[in-house]
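Numbered from 1 within each chain, the chains take letters A, B, ... in sequence-line order. Because only heavy atoms are used, hydrogens play no part in the values below, and waters and symmetry mates are left out as well, while side chains stay in.
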There are 2 protein chains.
Amino acid sequence: MAVASVTLSDVARLAGVSKSTVSRVLSQSRPVTPAIEATVRRAAAELGYSGNSIARALRRQRTDTVGMVVPSILNPFFTALVDSIERALHEEGRVLFLCDSRQDPEIEAGYLRLLIDRKVDGIVVSPVDGELSRAAIAETASQTPLVQLDRRVNVENTDWVGVDDDDAMSQVVAHLVANGVRTAAFVTSDFTNSSTRDRLDGFRRHAKRLGVATREDWFVLGDYSVESGHAAGVRLLSGEDIPDAIVCADDLIAFGVLQAARELGVAVPDRLKVTGFDNLVFAEHVIPPLTSIEQPTPQMAEEALRLLRVRMQRKDRLPGARVALVPRLIVRDSTRSRG
Amino acid sequence: MAVASVTLSDVARLAGVSKSTVSRVLSQSRPVTPAIEATVRRAAAELGYSGNSIARALRRQRTDTVGMVVPSILNPFFTALVDSIERALHEEGRVLFLCDSRQDPEIEAGYLRLLIDRKVDGIVVSPVDGELSRAAIAETASQTPLVQLDRRVNVENTDWVGVDDDDAMSQVVAHLVANGVRTAAFVTSDFTNSSTRDRLDGFRRHAKRLGVATREDWFVLGDYSVESGHAAGVRLLSGEDIPDAIVCADDLIAFGVLQAARELGVAVPDRLKVTGFDNLVFAEHVIPPLTSIEQPTPQMAEEALRLLRVRMQRKDRLPGARVALVPRLIVRDSTRSRG
DNA sequence: AGTCCAAGGGCAATCGATTGCCGAGCAAGA
DNA sequence: TCTTGCTCGGCAATCGATTGCCCTTGGACT
């Protein structure tokens, strides 16, 4: 605390050389006579010199810092994404600024501006809203390397990494059909973001393609939460005429649906099959264990950071890349037809 | 990207004044003639000037950044803690460096050093290990404001914020006794950290005090995970002689115990009562809903940041504060005696 | 021995904002 | 009118590390 930190000059003085030399030894940016190098290293060690990354950042024009903006860290899916990004950054010796936009495009825009001011080397963002987030994302992307993760808004020349939601829905519906499902409902959020929309469209398309019947009032909108899923489940399962399956746009919703089914005495999977999305850790611990789509977050993180690195090196305007990883269906008891 | 960012000098040139004046207008550090102020503001707006926080940090010797090191962001309890800290920081206009030590004291030490080099204004850390983390925490605390959150190691003159684990255990045991429990087991982790130890000691003490019988082989060590809780549950519930209650050191363990009970046909709460700790969001969604101890994470975050602020202002060596908030028992079906 | 060249140490500028100090200008009081 | 003092703009130093350029030194080759 009181310990004024040691600077390069201190080391230089103790070693009896110039600051330049010390800098060169420590950053290995140019060869230095072995004897001098040893002296410098000894001096640095003795003083416990560790460098001032602020000064270095100012001079080098890079901070070795990446900013990440997510809609809600409390949603376990984004937690997994944050974890994957943090791990990957740690290996590169970089650090993460974590920002939670709380589902609010304005907070999101504020954070993006703040990250620019902080001169982060790059930004990873999962935009809150397909429309309301666009302007800020576009503006930010024009000033610093940026990659969208999971959700995206349409902005020219911007990279995106996520999973192929259409393919995921194809797997889900095909699996349900193979297990005897003829009618299905779909529960999602009313957020107007890309993955929400893609999953909905995908479900519609593949249900139709594979002959699974739906009804307009079997499409229920809420938000990504257990409570919302529970409400939807109650609504869908209260009448006489209930679907063979309820497909959910994420696991939290599915958990709520399972809860509703249990309360209402609807047997899962015998009478009703339920699927989720994200394959949260909890998916295997609910009752019955939930069939879900696994998102390969480590690979998504790797890919996102790779794209950032490319943009950090080549400052010229690059065309946008869209990397859609193919997700995997994890089958568990919530959809297995017994016997 | 290509857009070289505007500097203070650019604004000064456009406004026809000196850099000092621009700086004073924008930071309101000294009054400036209204007419000039207006000119400067117009110039800044026109250029879209937004400042370089790296340069400012170098000069001001503060970064408006706080570092946080947690054992695992994937554990929902720490996620909640991170969320609370992030919210509180956002209100202050600060940003969070998030670091995950992965339960590894060495990674933890590395991150602490890194945060020092990054010149963060303060550090919030939940140490991995009661012994192995101590040296790094002590060293770090001597160089920058630091507060321990949830877990702690014993280091002189260092602040800590957490809940009163002993009080929590007192509430748990008293509640169980009131619901007819005469014998109880305790499942925890083998991590040698403070909260693990305090909860164990607290359980022992209050069980004895309130006449709840225990046995040495009813103390099961594993780690903080559903799997570990499941294994412990299977072990405790397989024989003939099972306890009236299983007290768990966190909710994840309790979830696993509940799962085991269900598989083995042990009725909860009628035959067995189960309690958790942390009151995770999921606690109310498992079956049966789990009785747990609520940790007031928003208040913990507030308190931690308050302590940091104090140390940031008064550079002199302060005595360490220990703030133990009193937790609340949330009673749900997993312990309610029917009828 | 003389010439050339490479290696490597040091000087000083630089990154961009903040701030102590100087002094010009103006108002108020005697 | 002269003095005193206050307000506020600007100069230049500063935070700490990096790096372009110069210059010394010494080895190699003729």
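- For B:Leu58 and D:dT14, the CG to C1' distance is 9 Å, given to the nearest whole Å.
- Within the 4.0 angstrom heavy-atom criterion, only backbone atoms of the sugar-phosphate kind lie near B:Val17; the bases stay farther away.
- In this structure, the CD1 atom of B:Ile54 is 13 Å from the C1' atom of D:dG16, given to the nearest Å.
- The residues B:Asp159 and B:Arg311 are annotated as salt-bridged, a charged nitrogen and a carboxylate oxygen being separated by less than 4.0 angstrom.
- Going from atom CD1 of B:Ile137 over to atom CZ of B:Arg151 covers 11.5 Å, rounded to the nearest 0.5 Å.
- Of all heavy-atom pairs spanning A:Pro71 and A:Ser101, the tightest one is CA-OG, 3.3 Å.
- Using a 4.0 Å cut-off between charged nitrogen and carboxylate oxygen, A:Arg306 and A:Glu302 do not count as a salt-bridge pair.
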Quiz prompt | side-chain contact (heavy atoms from CB on, under 4.5 Å) assessment of B:Arg87 paired with A:Arg102 | solution = CA-CA 9 Å; B:Arg87 272 171 203 270; A:Arg102 326 234 145 81; 3.3 Å; yes

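- With hydrogens and angles ignored, the 3.5 Å screen pairs a side-chain donor or acceptor of B:Glu86 with a backbone N or O of A:Asp100.
- Note that OG of B:Ser126 is 6.5 Å distant from CG of B:Leu81, once rounded to the nearest 0.5 Å.
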Pairs: protein N or O with nucleotides 4-7 of chain D N or O, under 3.5 Å:
none

Quiz item: Reading nucleotides 17-27 of chain D 5' to 3', which nucleotides get B (base under 4.0 Å from a protein heavy atom), which S (sugar-phosphate only), which -?
Solution: BBBBB------

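- Axis orientation changes by 40° from one end of the helix from C:dA1-D:dT30 to C:dA30-D:dT1 to the other, with each end axis drawn from 5 pairs and the value rounded to 10°.
- Here the straight-line distance linking atom OG1 of B:Thr158 with atom CZ of B:Arg134 works out to 11.0 Å at 0.5 Å rounding.
- Look at B:Arg94 and B:Asp121 and you find a salt bridge, because one of the NZ, NE, NH1 or NH2 atoms lies within 4.0 Å of a carboxylate O, short of that distance.
- Close to C:dG16, at under 4.0 Å from its OP1 or OP2, lies a side-chain N or O of A:Gln61.
- A:Asp117 and B:Ser53 share no donor-acceptor pair across their side chains, judged by distance under 3.5 Å alone.
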